[in-house]
Amino acid sequence: MNSPIEVVRSEASKYISLLSKELGIEGLELSPSDKRSQGYFTVRLHRYRNRIDEASVLAALSRIPKSEYFSSVSFVNWYINIDIDARSLASLLLDVMRRVGSDYGKTGKLKGKKYLIEHTSANPVHPLHVGHGRNSILGDSLARLLRFCGADVSVHFYVDDCGAQVMYVALGYSVSKNHVHERMARGVKPDHVMGIVYSTTYAIAEINRLKKLKENANEEKAREIVSEIDEWLSVIKRNMDEDPELVHVLVRSLGDTDVEHVINEWNRAYEKKLDENVVKIVRDSVSLVLDGQRATLRRLGIEVDSWDWESELTVWNDAAYRIVRELEVKWPLYIERKGGSITFDAPRFVDDMRLREVMDLPAFIPKVTLVRSDGTTLYVTRDMAYALWQHRCCSPDKVIRVIASEQSHPQAHVRVVLYALGHVNEALNTVHYSYEIVNVPGRKMSARRGEYISLDDIIDEAVERARERTGDLHNAEEVAEKIGVGAIRHVFASNNPRRPLEFKWDKVMDFRQNSGPFLQYTYVRARSILNKAGEEPNLAVEVPSTLEGLEKDLVIKLAEFPDVVENAAMSLRPDYVADYLNSLALIFNSYYEKYPVLSSLEPYRSFRLALIRVLATVLENGFYILGIPTIERM
RNA sequence: GGGCCCGUAGCUCAGCCCGGAUAGAGCGGCGGCCUUCUAAGCCGUAGAGGUGGACCGCGGAGGACCCGGGUUCGAAUCCCGGCGGGCCCGCCA
């Protein structure tokens, strides 16, 4: 048993079940008390007030032997409060710690379980932006959390290399190759260069399209079109400010081209593998962008195990079409055809099959078009094929797809269609891990217009602000980098994914308010004590006869860690870990002021050193889960 | 029009699934603490509620987690109906 609190809890459960026999009541429930001053665990007896009286409860309590792990059992206001004996809990804690060492917190709960986590999966046409930051960090923290609990986790990134947006960047790249490479040779990140190529090419396409539209439009319509053109011109202008030469090249080469037409040609050519040159140029440009995105992820400590190319897994092997054909054969009554397009009546299917009783679905689901009139597949169709592949590739117990909440309908479609095709387990074990968007006040973000705040920018900014305070440490740059990364990771990992996140520079970067650096600082203080102590703390120490106040609080908090991790993993909520670390840090920082370690007398000195050793381990493991870098000095 | 999520102190949030004791934190405010293990820290304090009164004591009622109902011995928590905010409802991804 590697969870100290769990040991006490099972003692308390035993105690309570004895009590329920004594009282002749079934279903007494042990829960953590919200009034810690009264006790750690509590049992509510209110609902039995008419069946038993207080005297009989007190009598029953006096008949049951108390566990050595309880300091007190009391009966107040119809609550039975059981308090933990801090001394025995401390012994338990140190026992566990002696046994597992740096593995403290791992309960092996998910041993033998296999997870596939898909996260980020950004369009490979521009740098990652703030929204992706939330996605990547949530996904990565989940992966770390589940791995920490013993699960076998494989992290996948879906490379969305089909569809128009990729053709824009490829076309732009094809006419500006030398310039792109020259910039990369100068050290500019490839995704940033390609981001400019993409949004410029897209703007050129839009302008050319609108211009043609204008020719046979009435006066009112024409005015509208002109103002739209102006907007796209301003996109070009903004890109021009960033890199005039590159944008000039693009405008010169593509200004007179019917870009939209070429894009459609290329799109077809790529999907059907008709033109080797197109395939190569698309692959090259996507790879370049991915290199850049990968570098950003790596800077945040995020590693991806598998890069799954949409083209290979769903299009070139015909998997997406197979989905459609099977659906047509199996459920013809739910298929609607209109001029070559194919639509699945998902809402009716869900109602008829009573699917809502089987899986968690929104109360409303729209119909879903699977094939366009021109015979090409849609993103969602390909995603269905991909979802199936995710289950086939390594037979995971669960596939967790970290995808923004705005995609809840298509994600529901994916699961419904898997179910319809008879892949029931696959459908039930596909989780849309939904998170809310990141808002940046005052900025309307649009990746197509090149309007976004890149993840690189905010990391840079965070690091720069950290640098202002690292002073003349010999490794100031390195420390600043870790603090900046820690701050960013903490912001995204510590918020409830279900809530929209307001991203305000001053708030995220305010290290007083932000707890990433606060946690790191806490670790530094603990580390400092251990370093000054010199030797590795002995964990087989005598526990002082009295533990009270903050010392007791600290022991209990440290003992809770395995529980907290397990709960976070089962609920897929890395933010629970962040929350826990935060309150642990608060307790320790108060403790630090009040309880000297190195200068205290025995047995306190040794005991406290051991406690600090546990604390450091808990922080290290918590940091691992959240991906917050540890720092020895700051 | 429909769906999903959210509404708790000045601000950001936890608690709600599974109802129970005085609704918890952090930030910000105010006031303090660096010859003692790193002050990116800590301590104290006000703050979730209106009326009447010159003040004090005692007792009672009412209000109190967006609003209004309901269920319950008991509701921030469950149910119904509103209001406010975000996102979605494409032959885009």
Side-chain angles (χ1 to χ4, degrees), chain A residues 29 31 33-38 42 44-47 49-50 76-79 81 121-123 125 160 162-166 310 338-343 361-383 404-410 412 434-437 439 447-448 466 469-470 483 487 494-502 504 507 510-522 524-533 571 575-576 579 582-583 585-586 588-600 608-609 612 633-634:
Chain A
E29 238 176 273
S31 49
S33 172
D34 35 323
K35 296 246 164 286
R36 281 297 168 76
S37 52
Q38 301 285 334
T42 197
R44 301 184 181 95
L45 291 183
H46 303 79
R47 98 183 51 153
R49 273 185 300 199
N50 49 358
V76 184
N77 294 341
W78 290 93
Y79 290 89
N81 293 308
S121 299
N123 270 333
V125 295
D160 188 11
C162 295
Q165 80 285 344
V166 173
E310 182 179 25
K338 231 186 278 167
S341 75
I342 300 175
T343 299
L361 291 170
F364 167 77
I365 295 185
K367 293 181 182 180
V368 54
T369 300
L370 302 171
V371 177
R372 291 192 188 89
S373 311
D374 70 359
T376 54
T377 55
L378 281 103
Y379 179 82
V380 67
T381 322
R382 301 192 293 268
D383 200 24
S405 72
E406 54 191 41
Q407 293 204 45
S408 60
H409 285 151
S434 157
Y435 64 93
E436 282 294 335
I437 55 162
N439 290 309
R448 282 200 185 154
R469 309 189 59 173
T470 46
I483 293 173
S494 64
N495 280 281
N496 184 338
R498 306 196 78 106
R499 286 169 177 272
L501 186 65
E502 288 280 295
K504 297 181 187 157
K507 214 173 108 189
D510 181 353
F511 292 157
R512 269 193 72 73
Q513 192 172 346
N514 181 278
S515 345
F518 170 68
L519 294 180
Q520 288 170 319
Y521 179 68
T522 305
V524 165
R525 289 179 125 184
R527 214 43 270 174
S528 174
I529 295 172
L530 294 175
N531 292 344
K532 286 230 160 95
S571 346
D575 53 310
Y576 289 175
D579 210 54
N582 215 36
S583 56
L586 284 168
F588 172 68
N589 278 316
S590 298
Y591 178 84
Y592 181 93
E593 304 283 335
K594 221 171 146 187
Y595 296 76
V597 175
L598 299 177
S599 60
S600 61
R608 288 177 182 167
L609 258 179
I612 302 303
R633 298 166 64 95
M634 68 189 272

Practice problem: May I ask which nucleotide in the shown strands pairs with B:C73, Watson-Crick or G-U wobble, both distances under 3.5 Å? | Solution: B:G20

Quiz prompt | Interatomic distance where OH belongs to A:Tyr591 and C1' belongs to B:G41 [whole Å] | solution = 17 Å

Quiz prompt | Separation of B:C43 P from A:Asn589 CG (nearest whole Å) | solution = 9 Å

Quiz item: So, A:Arg525 and A:Glu593, do they make that salt bridge, N to O below 4.0 Å?
Solution: yes

Quiz item: What integer distance in Å separates A:Asn582:CG from B:C27:P?
Solution: 9 Å

Quiz item: Taking OP1 and OP2 of B:A14, is either one under 4.0 Å from a side-chain nitrogen or oxygen of A:Asn496?
Solution: yes

Quiz prompt | Base paired to B:C11 (Watson-Crick or G-U; both N/O distances under 3.5 angstrom) | solution = B:G26

Quiz item: Would you say a side-chain N or O of A:Arg527 is under 4.0 Å from OP1 or OP2 of B:C37?
Solution: no

Quiz prompt | Heavy-atom closest contact (A:Val371 atom, A:Gly340 atom, distance) | solution = CG1-O, 4.2 Å

Self-check item: A:Ser405 side chain near A:Arg498 side chain, heavy-atom distance below 4.5 Å
Solution: no

Practice problem: Using the P atom on both, measure B:G62 against B:C4 and round to a whole Å. | Solution: 37 Å

Self-check item: Residue A:Asn81, side-chain heavy atoms: nucleotide from B:A40, B:A14, B:A21 that is nearest
Solution: B:A21

Quiz item: Step by step, would you call A:Val166 with A:Asp160 a side-chain contact (heavy atoms from CB on, under 4.5 Å)?
Solution: CA-CA 8 Å; A:Val166 173; A:Asp160 188 11; 5.9 Å; no

Practice problem: Could you please name the option among B:C73, B:U8, B:G3 that lies closest to any side-chain atom of A:Pro362? | Solution: B:G3

Quiz item: Reckon A:Arg36 has a side-chain N or O less than 4.0 Å from the OP1 or OP2 of B:G24?
Solution: no

Quiz item: Starting at CZ of A:Arg499 and ending at C1' of B:C4, how long is that distance when rounded to a whole Å?
Solution: 15 Å

Quiz item: Does A:Arg372 make a side-chain N or O approach to OP1 or OP2 of B:C92 shorter than 4.0 Å?
Solution: yes

Quiz item: Which part of the nucleic acid does A:Thr42 contact within heavy-atom distance under 4.0 Å: base, sugar-phosphate only, or nothing?
Solution: base

Quiz prompt | Chi-angle category of B:C27 [syn within 90° of 0, anti beyond] | solution = anti

Exercise. Kindly point out which of B:A21, B:A93, B:G41 is positioned nearest to the side chain of A:Phe518?
Key: B:G41

Quiz prompt | RNA chain B: 5'-proximal contact among A:Ala363 and A:Ser408 (nearest heavy atom) | solution = A:Ala363

Quiz prompt | Residue A:Tyr379, side-chain heavy atoms: nucleotide from B:A93, B:C37, B:C4 that is nearest | solution = B:A93

Quiz item: Any idea which of B:C37, B:G2, B:A93 is nearest the A:Val597 side chain?
Solution: B:C37

Quiz item: Quick one: which of B:C89, B:C6, B:A21 gets closest to the side chain of A:His409?
Solution: B:C89

Quiz item: Which whole-number value in Å describes the distance from A:Leu586 CG to B:A14 P?
Solution: 17 Å

Quiz item: When the C1' atoms of B:U45 and B:A9 are considered, how many whole Å apart are they?
Solution: 15 Å

Quiz item: How far, in whole Å, is B:U8 from B:C65 if one measures between their C1' atoms?
Solution: 4 Å

Exercise. By nearest nucleotide on RNA chain B, pick out whichever of A:Leu598 and A:Ser33 is the more 5' one.
Key: A:Ser33

Self-check item: Residue pair A:Leu501 / A:Tyr435, side-chain heavy-atom distance below 4.5 Å
Solution: no

Self-check item: Distance between P atoms of B:G85 and B:A46 (Å, rounded)
Solution: 36 Å

Quiz prompt | Donor-acceptor pair under 3.5 Å, A:Thr522 side chain vs B:A40 base | solution = no

Quiz item: Tell me: CG of A:Asn77 to C1' of B:G74, nearest whole Å?
Solution: 13 Å

Quiz item: Is atom CZ of A:Arg36 surrounded by more than 12 heavy atoms (other residues, nucleotides or ligands) closer than 6.0 Å?
Solution: yes

Exercise. Please state the C1' separation for the pair B:A21 and B:C30 - nearest whole angstrom.
Key: 32 Å

Exercise. Could you tell me whether A:Phe588 contacts a base, only the sugar-phosphate backbone, or nothing, with contacts defined as non-hydrogen atoms closer than 4.0 Å?
Key: nothing

Quiz item: Using a cut-off of 4.0 Å on non-hydrogen atoms, how would the nucleic acid contact of A:Lys594 be classed: base, sugar-phosphate, or nothing?
Solution: nothing

Quiz item: Looking only at N and O atoms, is any donor in the side chain of A:Thr369 or the base of B:C91 less than 3.5 Å from an acceptor on the other one?
Solution: no

Exercise. Classify the side chain of A:Ser405 versus the base of B:C87 as yes if they form a donor-acceptor pair under 3.5 Å and no if they do not.
Key: no

Quiz item: Looking only at side-chain N and O atoms, does A:Lys367 come under 4.0 Å of OP1 or OP2 in B:C91?
Solution: no

Quiz prompt | Step-by-step side-chain hydrogen bond (donor to acceptor under 3.5 Å, both in side chains) determination, A:Thr369 to A:Thr343 | solution = CA-CA 4 Å; A:Thr369 300; A:Thr343 299; 3.3 Å; yes

Self-check item: Rounded distance in Å - CZ (A:Arg469) to P (B:A39)
Solution: 13 Å

Exercise. Could you measure between the two P atoms, the one in B:C58 and the one in B:C43, and give it in whole Å?
Key: 33 Å

Quiz prompt | Nearest-nucleotide pick for A:Tyr592, side chain only, options being B:C89, B:A93, B:A39 | solution = B:A39

Quiz item: So does A:Arg44 get a side-chain nitrogen or oxygen closer than 4.0 Å to the phosphate oxygens (OP1/OP2) of B:G74?
Solution: no

Practice problem: Give me the ring orientation class for A:Phe588 and A:Tyr592: parallel if the planes are under 30° apart, tilted from 30 to 60°, perpendicular past 60°. | Solution: perpendicular

Quiz item: Out of B:G3, B:G86, B:A93, which has the shortest distance to the side chain of A:Ile437?
Solution: B:G86

Exercise. Under a 3.5 Å limit for both distances, which nucleotide forms a Watson-Crick or G-U wobble pair with B:C42, could you say?
Key: B:G32

Practice problem: Measure from the side-chain heavy atoms of A:Glu406 and tell me the nearest of B:C91, B:C87, B:G3. | Solution: B:C87

Quiz item: So, A:Asn589 and A:Thr522: side-chain donor and acceptor under 3.5 Å apart, yes or no?
Solution: yes

Quiz prompt | Integer angstrom distance from the P of B:U71 to that of B:A75 | solution = 12 Å

Exercise. Identify the nucleotide, in any strand shown, that forms a Watson-Crick or G-U wobble pair with B:G50, with both distances under 3.5 Å; if there is none, say none.
Key: none

Exercise. To the nearest Å, give me how far apart CD (A:Glu436) and C1' (B:C88) are.
Key: 10 Å

Quiz item: With rounding to whole Å, what would you report as the distance between B:A76 and B:C16 at their P atoms?
Solution: 14 Å

Practice problem: Just compare B:C13, B:C73, B:G3 and give me whichever is closest to any side-chain atom of A:Arg49. | Solution: B:C73

Quiz item: What does A:Ser373 touch in the nucleic acid at a heavy-atom separation under 4.0 angstrom: a base, only the sugar-phosphate, or nothing?
Solution: base

Self-check item: Sugar-phosphate, base or nothing in reach of A:Pro366, heavy atoms under 4.0 Å
Solution: sugar-phosphate

